[in-house]
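Keep in mind the model is a prediction, meaning the values are calculated, not measured.
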Amino acid sequence: DIAEQMGVRVISFDRPGYGRSDAAASTLRSVALDVEAIVDTLDVGRFAAFGWSGGGPFALATAAALSDRVTRVGVSGGPAPAQEMPGARDTLTGDDLQALSYLPDEPTRAAEYFAAGNRTLLDAMVAVRDDQQAPWIDWMWAASDPEVIADPAARLALFVSFRESLRQGPMG
C-alpha cells in the first residue's frame, strides 16, 4: 500500500529454491544476472534494488554488477557475514562453523551442513508454515522485535512471506 501511494512499482522474484522457483546452484553474481534478465524482460531501465535479511547480499551484488542501472540499494535486517563480524563465531554451533568452512567454494556442502545442524528449527518452521498463527515468528523475533510482531499486518506479511519461501522446504 505504501509503495502504491508513493508511485513505486515493486518487482519481486524468488531466488532459486524459494517459492515456486526451481532449485539450482546460485551465486551472488548469478542472481544479479537473473535480476538483469528480469528487468530487461520488463523493459526497466534504471531501478533501485532492495534486499531483506538473506536477500541483502543479493541486492548489494546486483548494485555492484549493474552499477550503471541501479540508482540506489537498500538492505533491511541483513546480517553481516559471520566470518567477518566480531564475536559472531562465538555464538555459532559446531555444525554452523563446519558449514562456514565450506564457504565460498562449496555452497551446496555448506547448506547441507547448516541444514543438518539446524534440523530441529527448520523442521519446526516447515511444520507450521501453513499455520496462520505462525508460532515460529515468536521464536525468532519476540525478544528482539516485540512491537513488530505484535502488529497484525506485519505478522501477516511475515507469515505469507515465509510460507511461500518454504513452499519447497528449507533448502532454498
Side-chain angles (χ1 to χ4, degrees), residues 1-42 44 47-63 65-66 70 72-79 81 96 99 103 107-108 110-172:
D1 291 343
I2 294 169
E4 186 176 8
Q5 291 169 10
M6 296 183 72
V8 174
R9 179 180 179 194
V10 177
I11 301 167
S12 183
F13 65 98
D14 292 327
R15 293 193 320 263
Y18 281 83
R20 293 176 177 91
S21 181
D22 293 338
S26 62
T27 64
L28 293 173
R29 178 137 180 87
S30 71
V31 172
L33 294 176
D34 289 344
V35 171
E36 183 176 37
I38 291 166
V39 295
D40 285 350
T41 298
L42 297 174
V44 173
F47 61 96
F50 176 77
W52 174 57
S53 188
F58 295 97
L60 294 170
T62 298
L66 305 176
V70 176
R72 289 177 173 79
V73 63
V75 175
S76 177
D96 291 339
L103 294 176
T108 301
E112 289 167 355
Y113 268 86
F114 177 79
N118 292 280
R119 179 61 49 207
T120 301
L121 173 62
L122 295 171
D123 286 348
M125 288 175 67
V126 170
V128 297
R129 69 179 162 207
D130 296 320
D131 178 354
Q132 194 156 351
Q133 297 306 307
W136 51 266
I137 291 174
D138 297 307
W139 307 333
M140 294 183 75
W141 292 297
S144 63
D145 294 301
E147 299 85 17
V148 173
I149 65 167
D151 176 351
R155 193 176 182 94
L156 179 62
L158 285 167
F159 164 70
V160 170
S161 174
F162 271 72
R163 179 187 61 201
E164 185 61 21
S165 71
L166 293 169
R167 175 181 292 276
Q168 298 182 56
M171 288 308 289

Worksheet item: Taking C-beta and beyond as the side chain, do Phe50 and Ser76 meet within less than 4.5 Å on heavy atoms?
Response: yes
Practice prompt. Enter the distance from Ser26:OG to Leu33:CG here, rounded to the nearest 0.5 Å.
Written response: 11.5 Å
Discussion item. Once rounded to the nearest 0.5 Å, what's the spacing between atom CZ of Arg167 and atom CZ of Phe162?
Written reply: 15.5 Å
Worksheet item: Are any of the side-chain heavy atoms of Val10 and Glu4 separated by less than 4.5 Å?
Response: no
Worksheet entry | From Trp141 atom CH2 to Ser144 atom OG, the distance as rounded to the nearest 0.5 Å | 8.5 Å
Practice prompt. Can you sort out the partners of Tyr113 under ring pair (Phe, Tyr, Trp, His ring centres under 6.0 Å), two or more places apart, ordered by chain and number?
Written response: Tyr102
Fill in: Atom pair CG (Asn118) and CG (Asp123), whose distance is rounded to the nearest 0.5 Å
10.5 Å
Worksheet, complete the sentence: Correct closest heavy-atom pair for Leu66 and Ala32 would be CD1-O, 4.0 Å
Fill in: Over 12 foreign heavy atoms within 6.0 Å of CD1, Ile2
no
Worksheet entry | Euclidean distance, Asp145 CG relative to Asp151 CG, rounded to 0.5 Å | 12.0 Å
Worksheet, complete the sentence: Between Phe58 and Thr27, the two heavy atoms sitting closest are CE2-O, 3.8 Å
Practice prompt. Indicate yes or no for a side-chain donor-acceptor contact from Ser161 to the backbone of Ala157 under 3.5 Å, with no hydrogens or angles considered.
Written response: no
Worksheet item: What closest approach, in Å, do Ala110 and Leu103 show between heavy atoms, and which atom pair accounts for it?
Response: CB-CD2, 3.6 Å
Item to complete: Could you tell me which non-hydrogen atom of Val31 sits nearest to which non-hydrogen atom of Pro16, and how far apart they are?
Response: CG2-CD, 4.3 Å
Discussion item. Tell me which pairs pass salt bridge (Lys or Arg N to Asp or Glu O under 4.0 Å) where either residue lies in residues 17-32, with sequence neighbours left out.
Written reply: Arg20-Glu164
Discussion item. Which heavy atom of Ala59 sits nearest to which heavy atom of Ala49, and what is that distance?
Written reply: O-CB, 4.1 Å
Discussion item. How close do Ala143 and Pro146 get, counting heavy atoms only, and between which atoms?
Written reply: O-CD, 3.9 Å
Worksheet item: Can you find a pair of side-chain heavy atoms, one from Leu122 and one from Leu166, that are under 4.5 Å apart?
Response: no
Discussion item. Using side-chain heavy atoms (C-beta onward) and a distance below 4.5 Å, is Val73 in contact with Thr62?
Written reply: no
Practice prompt. Would you check, one step at a time, whether the test side chain to side chain contact (heavy atoms under 4.5 Å, CB included) holds for Arg15 with Asp34?
Written response: CA-CA 9 Å; Arg15 293 193 320 263; Asp34 289 344; over 6 Å; no
Worksheet entry | Side chain proximity check, Glu112 to Thr108, heavy atoms < 4.5 angstrom | yes
Worksheet item: Does a side-chain heavy-atom distance below 4.5 Å link Val75 with Trp52?
Response: no
Worksheet item: Can Phe47 and Val35 be said to form a side chain to side chain contact (heavy atoms under 4.5 Å, CB included), step by step?
Response: CA-CA 11 Å; Phe47 61 96; Val35 171; 4.0 Å; yes
Worksheet item: How long is the gap from CD1 on Ile149 to CZ on Phe159, to the nearest 0.5 Å?
Response: 15.5 Å
